[in-house]
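Notes for the one structure printed next.
So that the names make sense, note that chain A is the first sequence line, chain B the second, and so on, each numbered from 1. Please read these numbers as outputs of a predicted model, since none were measured by experiment.
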2 protein chains.
Amino acid sequence: MAARDYGQYSGITQAMEIVGERWALLIVRDLLVGPRRYGELAAGLPRIPTNILAARLKELQAAGVIRRAPRSRVIVYELTPYGRELEPVILALGAWGFKAMGDPREEQIITPDSMTMDLRTTFRPDVAATLPATAYAAHFGSTELLIRVDGPSLDVRRGDGAADLAFASGPGIRRLIAGELAPDRAIESGVVQVLSGQGNLLHRFADTFHLAA
Amino acid sequence: MAARDYGQYSGITQAMEIVGERWALLIVRDLLVGPRRYGELAAGLPRIPTNILAARLKELQAAGVIRRAPRSRVIVYELTPYGRELEPVILALGAWGFKAMGDPREEQIITPDSMTMDLRTTFRPDVAATLPATAYAAHFGSTELLIRVDGPSLDVRRGDGAADLAFASGPGIRRLIAGELAPDRAIESGVVQVLSGQGNLLHRFADTFHLAA
DNA sequence: CTGAATCCGTTGCGATACTG
DNA sequence: CAGTATCGCAACGGATTCAG
């Protein structure tokens, strides 16, 4: 820590010394979705070496950002209250990065947790509050998310369920959320495939989840 | 980039691939205060190796976060509009880290730019708007800042100037801002030394710059 | 089978020296 | 003053092995 600290006394350097190491904030991101087991974290961060994951978990624990908790016979990792206060940081960073996203590279995948946080990032509670409560079932490759919007509140969880609109999409969904692609065009061009429900509900989805440039 | 990317298609991983490298966000932090020359950046980041600074500047430029600009015969680095959009990220990170700060370690220093951003982080525009316009001259070791609060707006610049309250302080100022130390106690205990003006203006300062736990 | 620890090759970082 | 070059080391990446 002596050679790797920033030698400065300020809020940002302090934060960087705690969560500035590679992978640390991505672990926090996934834990913002919910408590996770070691293997679940490894699965959500496909390229993380197992020794690095173990090291980060220890460091984040020592810093009071996460804790190990026994949950019905197995260990899960979860954020402490202080760790949960990183949510605004993750959301701000996610919004900033979202604008720089292009088309996905070959090896880039979408995980349920990363998609969940991207949805939280782009969610507009003020807009949603003016719209009727709606449930969307979204299929991104093999990951299925049930997205429930009710007034200004958002709930995303894995799995399927009753929904007003069910659709499948690849990474092209980003262009819909970014406003680069109109909902109608998204359906016409096959970027989004409506599986059930009225296709024009995709307008509502695009209004609810949107990040202006 | 192939071995060091995160292999995921999401806003946060995209952001981390651009500004996630060591030192990158600290460079952005200092540039949020204003355009800076190479040597000024090096001086503000005392422990950064010069080759790393050069490398980061190139990477940030390539990513469209900063640009080199000629300013009256010399080159300065400045944020692009997109780079400036990192301000909410830096402020959120700074606020989070601020809460974890303890007493400074031996080698930790305070730079004018880092202190300026810490002040911006803890500035409460809503509170300031209810208070009279006030100018503070703050001396932290060898760095002098002129802090002008006028309604909900804050202006911090280096150097001295006419002020309603001039004071000197060491890193103990953090405890004042964190609310751990009352303004009166700060003066009594010598943590803050009033150089000119009415000492009770320090109350106003503590109200204006404050971060609750 | 999950949750790691170990080993080793590679890369990025830290420190210092050097150059236009 | 604004970088570039060099070198040792610590951290990372990948695979394998080990413990509960």
Measure from [atom1] on [X] to [atom2] on [N] and round the result to the nearest Å.
{"X": "Asp5(B)", "N": "dT11(C)", "atom1": "CG", "atom2": "P", "answer": "14 Å"}
{"X": "Ile48(B)", "N": "dA2(D)", "atom1": "CD1", "atom2": "P", "answer": "15 Å"}
{"X": "Ile75(B)", "N": "dC1(D)", "atom1": "CD1", "atom2": "C1'", "answer": "12 Å"}
{"X": "Leu53(B)", "N": "dT4(D)", "atom1": "CG", "atom2": "P", "answer": "10 Å"}
{"X": "Ile52(A)", "N": "dT6(C)", "atom1": "CD1", "atom2": "P", "answer": "14 Å"}
{"X": "Arg56(A)", "N": "dA5(C)", "atom1": "CZ", "atom2": "C1'", "answer": "16 Å"}
{"X": "Leu26(B)", "N": "dC13(C)", "atom1": "CG", "atom2": "C1'", "answer": "15 Å"}
{"X": "Leu45(A)", "N": "dG13(D)", "atom1": "CG", "atom2": "P", "answer": "11 Å"}

[X] side-chain N/O to [Y] backbone N/O, donor-acceptor pair under 3.5 Å:
{"X": "His210(B)", "Y": "Ile177(B)", "answer": "yes"}
{"X": "Glu17(A)", "Y": "Gln14(A)", "answer": "no"}
{"X": "Arg56(B)", "Y": "Arg22(B)", "answer": "yes"}
{"X": "Asp118(A)", "Y": "Gly11(B)", "answer": "yes"}
{"X": "Thr80(B)", "Y": "Gly64(B)", "answer": "yes"}
{"X": "Thr13(B)", "Y": "Gln8(B)", "answer": "yes"}

Is the shortest side-chain N/O distance from [X] to OP1 or OP2 of [N] below 4.0 Å?
{"X": "Arg47(B)", "N": "dC13(C)", "answer": "no"}
{"X": "Trp23(A)", "N": "dG13(D)", "answer": "yes"}
{"X": "Tyr6(A)", "N": "dG14(C)", "answer": "no"}

Taking the minimum atom-to-atom distance to the side chain of Glu21(A), which one of dG12(C), dT4(D), dA11(D) wins?
dA11(D)

Does any residue of residues 27-41 of chain B have a heavy atom under 4.0 Å from DNA chain D, and if so, which ones, in number order?
Arg37(B), Tyr38(B), Gly39(B)

Residues within residues 57-70 of chain B bordering DNA chain D, heavy-atom distance below 4.0 Å
Lys58(B), Arg68(B)

Please enumerate all residues that pass salt bridge (charged side-chain N to carboxylate O under 4.0 Å, His left out) together with [X], with sequence neighbours excluded.
{"X": "Glu180(B)", "value": "Arg174(B), Arg175(B)"}
{"X": "Arg36(B)", "value": "Asp113(B)"}
{"X": "Arg37(A)", "value": "none"}
{"X": "Arg71(B)", "value": "Glu78(B)"}

Quick tally for nucleotides 15-20 of chain D: nucleotides whose base has a protein heavy atom under 4.0 Å get B, sugar-phosphate-only ones S, the rest -, giving BB----

Using 30° and 60° as the class limits, which term best fits the ring planes of Tyr77(B) and Tyr38(B): parallel, tilted or perpendicular?
tilted

Under 30°, 30 to 60°, or over 60°: which ring-plane class applies to Tyr82(A) and Trp96(B), parallel, tilted or perpendicular?
parallel

Are there any protein N/O atoms within less than 3.5 Å of an N/O atom in nucleotides 8-10 of chain D, and if so, which ones and at what distance?
none

Holding to ring pair (Phe, Tyr, Trp, His ring centres under 6.0 Å), I want the full list of residues that pass it with Tyr6(A), two or more places apart in sequence or in another chain.
Trp23(B)

What dot-bracket string describes DNA chain C from 5' to 3', counting Watson-Crick and G-U wobble pairs whose defining distances are under 3.5 Å, with [ ] for crossing pairs and | for pairs to another strand?
|||||||||||||||||||.

If the condition is side-chain hydrogen bond (donor to acceptor under 3.5 Å, both in side chains), which residues does Glu87(A) pass it with, not counting sequence neighbours?
Arg120(A)

With sequence neighbours left out, what residues match Thr111(B) under side-chain hydrogen bond (donor to acceptor under 3.5 Å, both in side chains)?
Ser114(B)

Are Arg157(B) and Asp155(B) within salt-bridge range, i.e. N to O under 4.0 Å?
yes

OH of Tyr136(A) to CZ of Phe209(A): how many Å apart, nearest 0.5 Å?
7.0 Å

